[in-house]
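All residue numbers refer to positions in the sequence shown, counting from 1. All values reported here derive from a predicted model rather than from experimental measurement.
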Amino acid sequence: MSLVSVDGVSKHFGTHVGVNDISFDLETGETAVVVGANGAGKSTLIRLLASLSRPTSGRLELDGTSLTDGNAAVRARLGVVTHATMLYDELTARENLRLHARLHGVDPKRCEQLLETVGLAERGGERVAGFSHGMSKRVSLARALVHDPDLLLFDEPYTGLDQTSLRRITSVLEGIDDRTVLVSTHDLARGFELADRLLFLNDGRLVGDLEARAVDDVEDVLEAYETRCRGRPGENQPADRTGIHR
Ligand SMILES: Nc1ncnc2c1ncn2[C@@H]1O[C@H](COP(=O)(O)OP(=O)(O)OP(=O)(O)O)[C@@H](O)[C@H]1O
């Protein structure tokens, strides 16, 4: 049985369609990257999988258990990084991680390891309120990993980062081999570097599902994307053709 199962999932917001009849499975250890232009439905999909939103129809399951029934045990197997950092600004980075560790019954030593991993060991005693966007995102990633989740969901990991944060976050994501990861991005080039699998979203529909291994280079991915999707993945973003910010 697959670890993640998404079956016929739609999400409507009044007359707007967030995602439209999406189905796919993810295996343990797989890293899937969801690519799409602005408004394609990437955040909607992540929020549905993160149990932050309920589908209008369809089923989302982790290991055979519904992600939409408010089951706390299954939600505890998720690590989530969204646009909202879910951090307490008035607490230090270390306190944020320790609070999360305590909630999950995790040894606080793991927080120190994770601060090191995200490159914030020396800043762990500082309040998150004073952190840059990239630093906050790194703390959010560390927080999402504290309890060693079976499924890490990360909405737009690469947006608004300086080179230091970009390198750290990329290296942490690349280092996750034994857990399932689902990342959303409009940055096709970086997504391709990370992915085992590329999922193309267009107007809420899943229009492409590619094994990244089977594709030679990013230009081929872009070509595959453009044959299936309206516009380009980085449309309306300050990016070049492949989505690499220069
Ligand atoms: N809370 C909401 N209320 C109304 N419409 C929404 C809401 N959330 C998403 N939508 C609509 O659903 C569609 C998909 O939005 P979503 O944010 O998932 O796209 P996205 O691919 O993440 O875009 P972006 O790259 O701009 O973040 C859009 O048409 C959007 O307007």
Please name the pair of heavy atoms, one in Leu48 and one in Val19, separated by the smallest distance, quoted to 0.1 Å. CD1-CG2, 3.7 Å

Tightest non-hydrogen contact, residues Phe131 and Ser136, listed as CB-OG, 3.6 Å

For Leu210 and Arg228, run side-chain contact (heavy atoms from CB on, under 4.5 Å): C-alpha distance rounded to whole Å, both residues' side-chain angles, the deciding distance at 0.1 Å, then the answer. CA-CA 12 Å; Leu210 267 72; Arg228 293 166 170 86; 4.2 Å; yes

Please assess Thr85 against Val139 for the test side-chain contact (heavy atoms from CB on, under 4.5 Å), listing each intermediate value before the final yes or no. CA-CA 9 Å; Thr85 63; Val139 182; over 6 Å; no

Ignoring hydrogens and angles, tell me if any N or O in the side chain of Arg110 forms a donor-acceptor pair with the backbone of Leu145 under 3.5 Å. yes

A side-chain contact here means heavy atoms from C-beta on lying under 4.5 Å apart; do Leu201 and Ile22 qualify? yes

Electrostatic pair Lys42:Asp155 at N-O distance under 4.0 angstrom: no

May I ask you to decide if Thr117's main-chain N or O and Arg168's side chain share a donor-acceptor pair within less than 3.5 Å? yes

Test item: Ser51 side-chain N/O and Arg75 main-chain N/O as donor-acceptor pair under 3.5 Å: no

Separation between OG1 (Thr28) and CE (Met1), nearest 0.5 Å, reads 9.0 Å

Looking at His133 and Gly160, what are the two nearest heavy atoms and their distance? CD2-O, 3.1 Å

Within a strict 4.5 Å, meaning less than it, do heavy atoms of the Pro157 and Val81 side chains meet? no

Spacing of CG belonging to Leu199 relative to OG belonging to Ser184, to within rounding of 0.5 Å: 11.0 Å

Kindly say whether Gly29 contributes a backbone atom to a donor-acceptor pair with the side chain of Thr180 at under 3.5 angstrom? yes

Determine the interplanar angle of the His104 and His147 rings, folded into 0 to 90°, and report it as parallel if under 30°, tilted if 30 to 60°, perpendicular if over 60°. parallel

Between the side chain of Arg98 and the main-chain N/O of Pro108, is any donor-acceptor distance below 3.5 Å? no

Sorted by chain and number, sequence neighbours left out, side chain to side chain contact (heavy atoms under 4.5 Å, CB included) with Glu116 holds for Ala121

Do any N or O atoms from the side chain of Arg138 and from the backbone of Val118 form a donor-acceptor pair under 3.5 angstrom? yes

Value for CG (Asp21) from CG (Asp7), rounded to nearest 0.5 Å, stands at 8.5 Å

Compare every heavy atom of Glu156 with every heavy atom of Lys137, then report the nearest pair and how far apart it is. NZ-O, 2.7 Å

Should Leu3 and Ile176 be regarded as members of a common hydrophobic cluster, given that ILVMFWY residues are connected when their side-chain heavy atoms come within less than 4.5 Å of each other, either directly or indirectly? no

State yes or no: do Leu78 and Val34 share one hydrophobic cluster built from I, L, V, M, F, W and Y residues joined by side-chain heavy-atom distances below 4.5 Å, directly or via other members? yes

Between Asp89 and Arg127, what is the shortest heavy-atom contact and its length? O-CB, 3.9 Å

Could you go through the side-chain contact (heavy atoms from CB on, under 4.5 Å) check for Arg77 and Thr65 one step at a time? CA-CA 11 Å; Arg77 297 176 64 185; Thr65 304; 5.8 Å; no

For the residue pair Leu49 and Phe24, what are the closest heavy atoms and their distance? CD1-CZ, 4.4 Å

Could you check whether any side-chain heavy atom of Arg190 comes within less than 4.5 Å of a side-chain heavy atom of Leu166, counting everything from C-beta outward? yes

Heavy-atom side-chain contact between Leu222 and Glu226 under 4.5 Å: yes

Leu141 versus Leu152: any side-chain heavy-atom pair under 4.5 Å? yes

Sidechain-backbone polar pair: Ser165 side chain, Asp162 backbone, donor-acceptor under 3.5 Å: no

Are Val146 and Leu91 joined in one hydrophobic group, where the rule is that I, L, V, M, F, W and Y side chains link up if heavy atoms are under 4.5 Å apart? no

Taking atom CD of Glu223 as the centre, report whether more than 12 heavy atoms of other residues, nucleotides or ligands fall under 6.0 Å from it. no

So CG of Asn20 and CG of Asp203: to nearest 0.5 Å the spacing works out to 9.0 Å

Check the hydrophobic clustering (I, L, V, M, F, W, Y; side-chain heavy atoms under 4.5 Å; chains of links allowed) and say if Phe154 and Leu120 are grouped together. yes

Give a yes or no on whether Leu87 and Val106 share a hydrophobic cluster (residues Ile, Leu, Val, Met, Phe, Trp, Tyr; joining criterion: side-chain heavy atoms under 4.5 Å apart). yes

Approximate separation, where rounding is to 0.5 Å, of Glu61 CD and Leu67 CG: 8.0 Å

Are the side chains of Ser53 and Thr44 in contact, using a 4.5 Å heavy-atom criterion? no

Consider only side-chain N and O atoms of Glu126 and Thr92, and report whether a donor and an acceptor are under 3.5 Å apart. no

Determine, step by step, whether Leu182 and Ile46 satisfy the side-chain contact (heavy atoms from CB on, under 4.5 Å) criterion, reporting the C-alpha distance in whole Å, the side-chain angles of both residues, the deciding distance to 0.1 Å, and the verdict. CA-CA 8 Å; Leu182 186 132; Ile46 296 258; 3.5 Å; yes

d(Phe192 CZ, Leu198 CG) to nearest 0.5 Å is 7.0 Å

Tell me whether Asp217 contacts the main-chain N or O of Glu219 through its side chain, where contact means a donor paired with an acceptor under 3.5 Å. yes

Within the side chain of Ser5, is there an N or O that forms a donor-acceptor pair under 3.5 Å with the backbone of Asp25? no

Would you say Val128 and Asn96 make side-chain contact, with heavy atoms under 4.5 Å? yes

